[in-house]
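Report on the structure given below.
A note on names: the letters A, B, ... follow the listed sequences, proteins ahead of strands, and every chain is numbered from 1. We use all heavy atoms of the structure for the numbers below, so side chains are in, but hydrogens, waters and symmetry mates are not.
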2 protein chains.
Amino acid sequence: MSANPTQQQPITAADKVFLQLQQAIVEGQIAAGSKISEPELAKRYDVSRATLRDAISRLEKCHLVERQANVGARVVNCTVEGLLDLYITREALEGMACRQAAEKMSDEEIVDMKAMLEQHAKAKALQDGIAYYQEEGDLDFHYKVILGSHNQQLINILCGQLYHLLRMYRCQFGMNSPRASKAFDEHSRIIDAIADRDGELAEILMRRHIAASRKNIENKIALMDAELEQSEQAQPQLMQQQAN
Amino acid sequence: MSANPTQQQPITAADKVFLQLQQAIVEGQIAAGSKISEPELAKRYDVSRATLRDAISRLEKCHLVERQANVGARVVNCTVEGLLDLYITREALEGMACRQAAEKMSDEEIVDMKAMLEQHAKAKALQDGIAYYQEEGDLDFHYKVILGSHNQQLINILCGQLYHLLRMYRCQFGMNSPRASKAFDEHSRIIDAIADRDGELAEILMRRHIAASRKNIENKIALMDAELEQSEQAQPQLMQQQAN
DNA sequence: CTGCATCAAATTGTCGACAATAATACTTTA
DNA sequence: TAAAGTATTATTGTCGACAATTTGATGCAG
């Protein structure tokens, strides 16, 4: 499952470095908020600074790093606000993508997607509620809907940019989203709406689906904050500190 | 009115070249679909190929050019499908931005926006229905709503990327959108909804507003196609085919 | 004449070095 | 001692040159 489906396999050195850096950032091996040192990483990946710069430039495109003139690039910070902003944006974009998918998906694509859901159902039956389905399967489902919109703008923004940020947040915040069974039912109904060519309903369901995830996260965060406050009542000290 | 409001003034050479190229592309001085020759433009703007490359990379970020490994960069093609895709994406994003704006805008921001609309009303009274209002004023209005969402994702995507593409399409297709008076009323009602803190209504109105523009364009296109077909009735040819 | 293989020219990817700017360490002074 | 200014260091921005790949042109076979 590649990031950008409309592009052939990467070949250039900058591509490799980009993919490695992307993975390292998403998985947290390069800390969120930390500075990107061009000379250091150029040595580590054994490439020139020019190609590393090109790789960084592409990281900027997925909003994984931010650059400032004459200062350098930093990995984006994972804040709660940023995560909620991301989900709100997803709600808007994927909702519309879902509406478009209901209008533009070919019958064959719909059959494929139903088959995929069947497979998810089996996997779910085997190891009930465990991570695998949610981590890969959920993304696969959303991915297929987005592609089904046949809207290049939506596809670029969602698959090319937000997708990676979302993965980063999921890794950093350790979200294995225990909504598996609920999510599965929701996916199922969304597909039904698409198959019925009911764009309006499809959009509503997708928006609810993502909004439910967001609210789930909000609740979790609120809970964590409460615990944190409680445990810090005795020893009021360390907030998380900025890397570097 | 700068492209990215959250960034200080550009200083580096690559910034200047980027801005010049951006303008040249948006205004059509560099033809849509044409190839970007690195050596040629490097000479024309009197910079190294490295800095020109950096500028191109930023053009990629606003989706004004597309690059292919070992082949080069091309200015994006302005197709009818692309324009409609863009409007559909705007409908989703700005609709949500409007909903968020209704929830998060400060009272002061709302007062400012109302004042701006007043000014537009005067300009409109002076030279009724002429281009100026639509070209600058419309964008200003949408801009303020987007910023009002206080959602960095929405702001980045809309102001940093889609905004420039939209300007490009407007230039290339010569759209001075004669919907001025209608648009003004719609703007007015949207602001009212925001002032009432009615996010749901605000989103609906913004979506209708953009959808109306899109339908207006669709009609225009259909009309043009009809004329074209009539003039080509003597020499019947093939329909255009989907690329890739 | 058409189609394919080979070759030449141009363009892009990559590199190392220099210049300009920012960050850090040090010295000086109140 | 603290603060400010200066000097040093490190990092980023920019440049020109070389290597790898693509494009097109040329020549040859069918």
Practice problem: State the CD1-CG distance between B:Ile155 and B:Leu147, to the nearest 0.5 angstrom. | Solution: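 Reported to 0.5 Å precision, the distance equals 5.0 Å.
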Quiz prompt | Mutual orientation of the aromatic rings belonging to A:His187 and A:Phe141 [parallel < 30°, tilted 30-60°, perpendicular > 60°] | solution = parallel
Quiz prompt | Residue among A:Asn156, A:Ile157, A:Leu158 satisfying side chain to side chain contact (heavy atoms under 4.5 Å, CB included) with B:Thr89 | solution = A:Ile157
Could you give the [atom1]-to-[atom2] distance, from [X] to [N], as a whole number of Å?
| X | N | atom1 | atom2 | value |
| --- | --- | --- | --- | --- |
| A:Tyr45 | C:dT14 | OH | C1' | 18 Å |
| A:Asp54 | D:dT12 | CG | P | 16 Å |
| A:Glu60 | D:dT12 | CD | P | 13 Å |
| A:Lys43 | D:dT11 | NZ | C1' | 12 Å |
| B:Arg74 | C:dT12 | CZ | C1' | 15 Å |
| B:Leu41 | C:dT12 | CG | C1' | 14 Å |

Quiz item: When we call it a touch if two heavy atoms are under 4.0 Å apart, what does B:Ile56 touch: a base, just sugar-phosphate, or nothing?
Solution: nothing
Quiz item: Can a side chain N or O of B:Lys35 be found less than 4.0 Å away from OP1 or OP2 on C:dT12?
Solution: yes
Quiz item: Would you say B:Thr12 reaches D:dT12's phosphate, i.e. side-chain N/O to OP1/OP2 under 4.0 Å?
Solution: no
Could you list, one pair per line, each protein nitrogen or oxygen that sits under 3.5 Å from a nitrogen or oxygen of nucleotides 15-25 of chain D, together with the distance?
from	atom 1	to	atom 2	distance (Å)
D:dC15	OP2	B:Ser48	N	2.7

Practice problem: Output all residues satisfying side chain to side chain contact (heavy atoms under 4.5 Å, CB included) with A:His150, sequence neighbours left out; order by chain, then residue number. | Solution: A:Lys104, A:Glu109
Self-check item: A:Arg74 side-chain N/O to A:Glu66 backbone N/O, donor-acceptor pair under 3.5 Å
Solution: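 No, A:Arg74 side chain to A:Glu66 backbone: no donor-acceptor pair under 3.5 Å.
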Quiz item: Looking at B:Asp140 and B:Lys144, does any basic side-chain N land under 4.0 Å from a carboxylate oxygen?
Solution: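 No, no charged N to carboxylate O under 4.0 Å.
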